[in-house]
Amino acid sequence: MRLCEIGKAKSSVGEAAMGGSPSGGDGKILDIKTADLKSAAPTFSEQSGKLREALAELADTLDGLGEPWGADEQGKAFGASYKPARDKVERAARIFVTGLASIHEAMVDMSDGHIENDKLVAAMFSKNGAKGAKGGGSGK
């Protein structure tokens, strides 16, 4: 699934109206696949949930093991470095969980924004304005 493509421009309202290529003359345009964005977005939320569950299971398992490294000098040295390192890894994984969930939201927002922008651009080149487009062209 391709979320966007850069390809040769065939023709566009903007190109005709502006008297040239919409990409600055090289004939390539960025084609956003809004349906693909929306369909791919839930994957990030699902994977975020799976990672959250795996992290909780890992933490429970490690907690259940206690401190199996022992109380001798080497065991104490290992435990002193292990605990802070484990905490850092768990914090980083929780940040990653949140990041994956936010990608889902951002992809949906980006798709919606792109659709809305297309409607507004179409309104600029239409006698009747864009149907369903928000905004009134007041520049505010």
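Just so it is clear, the structure is predicted and the values come from calculations on it, not from any experiment.
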Worksheet item: Considering residues at least two apart in sequence or located in another chain, which fulfil the side-chain contact (heavy atoms from CB on, under 4.5 Å) criterion with Ala59?
Response: Arg86, Glu90
Worksheet item: With a cutoff of under 4.5 Å between side-chain heavy atoms, which Ile, Leu, Val, Met, Phe, Trp and Tyr residues group with Phe78?
Response: Leu58, Leu62, Leu65, Trp69, Tyr82
Discussion item. List the residues meeting ring pair (Phe, Tyr, Trp, His ring centres under 6.0 Å) with Phe96, not counting sequence neighbours, and say none if there are none.
Written reply: none
Discussion item. Connecting only ILVMFWY residues whose side-chain heavy atoms lie within less than 4.5 Å of each other, what is the rest of Leu55's hydrophobic cluster?
Written reply: none
Item to complete: Examine distances only and state if a side-chain atom of Ser111 and a backbone atom of Met107 form a donor-acceptor pair shorter than 3.5 Å.
Response: no
Item to complete: Considering only Ile, Leu, Val, Met, Phe, Trp and Tyr, and joining two whenever side-chain heavy atoms are under 4.5 Å apart, list the other residues clustered with Ile115.
Response: none
Give every donor-acceptor pair under 3.5 Å between a side-chain atom in residues 40-52 and any protein atom, sequence neighbours left out.
residue, atom, partner, partner atom, Å
Thr43, OG1, Ala40, O, 3.3
Ser48, OG, Val97, O, 2.7

Fill in: Residues which pass salt bridge (Lys or Arg N to Asp or Glu O under 4.0 Å) with Asp112, listed by chain and number, not counting sequence neighbours
Lys38
Fill in: pair His114-Lys33: side-chain heavy atoms closer than 4.5 Å
no
Worksheet entry | Euclidean distance, Met110 CE relative to Ile103 CD1, rounded to 0.5 Å | 10.0 Å
Worksheet, complete the sentence: Quick note, side-chain hydrogen bond (donor to acceptor under 3.5 Å, both in side chains) partners involving residues 95-105, not counting sequence neighbours, are none
Discussion item. Just to verify, what does Glu53 make a side chain to side chain donor-acceptor pair (under 3.5 Å) with, not counting sequence neighbours?
Written reply: none
Response to the item:
Lys76 meets the salt bridge (Lys or Arg N to Asp or Glu O under 4.0 Å) criterion, sequence neighbours left out, with none
